[in-house]
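The structure under discussion appears below in the form of structure tokens.
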Amino acid sequence: MNKNKASVACIVVLTCTLAGRALAQGQGIEFKSNADDLTKIRGVLEEFRQDIIHKDAYALTKLVLNPDVLFHHVNNQEEVDSARKYNAQFDGIGPSQLDGFAKFLATSKDKLEERFRNIEIRQDGPLGLVTFNYDFVIDDKVHHSGLEVWQVCKVDGQWKILSVVWTSY
């Protein structure tokens, strides 16, 4: 749980720091980015999407930095209140759902797809932030939708997923 809290805190600090800088300078945020890295990050999104379509859980898990990455939807207040009946310290995130999602992909008999739209990629050296709206589709029907946010990092020349957090409606 501490890794999850640290990941969420990292996202918040990064966002606040970048926003604060932009406001203080009265200018847009500057990034040290290049077209090649932005293309590679977009490639990770497409690989992720294809892995869902092909139900290739193994390939999908290879896209993440390690098995302990934050991979969880943000609970709404009703879910938080319900969980707090059993755990007073529940923070609205909970343990990573990566393993459960991988097992779901590997065992599902349904046709699966995740559709992305309004994709925004920000990259500064070895760190990237990807945001987009998504629809998770099961048997050609939207099962749930929301906003998805990824942190990605470049390690050994490859872009890996550092965290995945999403809303679900």
Provide the closest heavy-atom pair for Ala102 versus Thr61 in the form atom of the first, atom of the second, distance.
-> CB-CG2, 4.0 Å

Going through the checks in order, is the side-chain contact (heavy atoms from CB on, under 4.5 Å) test met by Phe101 and Ile52?
-> CA-CA 10 Å; Phe101 185 65; Ile52 291 172; 3.9 Å; yes

Check whether Ile138 and Leu105 end up in the same hydrophobic cluster, where Ile, Leu, Val, Met, Phe, Trp and Tyr are linked by side-chain heavy atoms less than 4.5 Å apart.
-> yes

Do any N or O atoms from the side chain of Gln158 and from the backbone of Val155 form a donor-acceptor pair under 3.5 angstrom?
-> no

Once you round to the nearest 0.5 Å, how far does CD of Glu114 lie from CG of Leu45?
-> 8.5 Å

For the residue pair Val165 and Val74, establish whether any side-chain heavy-atom pair is separated by less than 4.5 Å.
-> yes

For Val44 and Leu63, work out which heavy atoms get closest and say how close.
-> O-CD1, 4.1 Å

Check for a donor-acceptor pair, side chain of Arg84 on one end and backbone N or O of Phe90 on the other, with a separation under 3.5 Å.
-> yes

Main-chain N/O of Leu147 paired with Thr167 side-chain donor or acceptor, under 3.5 Å | yes

Give the minimum heavy-atom separation between Leu65 and Cys153, together with the two atoms involved.
-> CD2-SG, 4.0 Å

So how far is it from Ser168 OG to His144 NE2, rounded to the nearest 0.5 Å?
-> 4.5 Å

Give the cluster check for Val137 versus Leu112: same hydrophobic cluster or not, with ILVMFWY residues linked at side-chain heavy-atom distances below 4.5 Å.
-> no

Value for CG (Asn133) from CD (Glu148), rounded to nearest 0.5 Å, stands at 10.0 Å

Can Val69 and Leu98 be said to form a side-chain contact (heavy atoms from CB on, under 4.5 Å), step by step?
-> CA-CA 8 Å; Val69 299; Leu98 179 60; 4.3 Å; yes

With ring centroids as reference points, do Trp166 and Phe71 lie under 6.0 angstrom apart?
-> yes

To the nearest 0.5 Å, how far apart are CD1 in Ile41 and CD1 in Ile119?
-> 12.0 Å

NZ/NE/NH1/NH2 to OD/OE distance under 4.0 Å, Glu113 and Lys111 = no

About how many Å separate CG of Leu70 and CD1 of Ile161, when rounded to the nearest 0.5 Å?
-> 12.0 Å

Any sub-3.5 Å donor-acceptor pair from Gln123's side-chain atoms to Asn34's backbone N or O?
-> yes

Asp51 side-chain N/O to Leu60 backbone N/O, donor-acceptor pair under 3.5 Å = yes

Look at Arg49 together with Glu47 and state whether they make a salt bridge at an N to O cut-off of under 4.0 Å.
-> no

So, are Asp135 and Arg117 salt-bridged, with charged N and O less than 4.0 Å apart?
-> yes

Spell out, as yes or no, whether a donor-acceptor pair under 3.5 Å connects the side chain of Lys55 to the backbone of Asp110.
-> yes

So, for Phe116 and Tyr134, is the gap between ring centers shorter than 6.0 Å?
-> no

Taking Ser145 for the side chain and Tyr169 for the main chain, is one N or O donor matched with an acceptor at less than 3.5 Å?
-> no

Is there a donor-acceptor pair closer than 3.5 Å between any side-chain N or O of Ser82 and the backbone N or O of Glu78?
-> no

Check the pair Lys154 / Asp37 against side-chain contact (heavy atoms from CB on, under 4.5 Å), numbers first and verdict last.
-> CA-CA 9 Å; Lys154 191 174 186 180; Asp37 280 325; 2.8 Å; yes

What is the distance from atom CH2 of Trp150 to atom CZ of Phe48, rounded to the nearest 0.5 Å?
-> 5.0 Å

Would you confirm whether Lys160, through its side chain, and Lys62, through its main-chain N or O, come within 3.5 Å as a donor-acceptor pair?
-> yes

Asp36 with Lys40: basic N within carboxylate O range, under 4.0 Å = yes

Given Val149 and Val130, is the side-chain contact (heavy atoms from CB on, under 4.5 Å) satisfied, shown in steps?
-> CA-CA 6 Å; Val149 178; Val130 183; over 6 Å; no

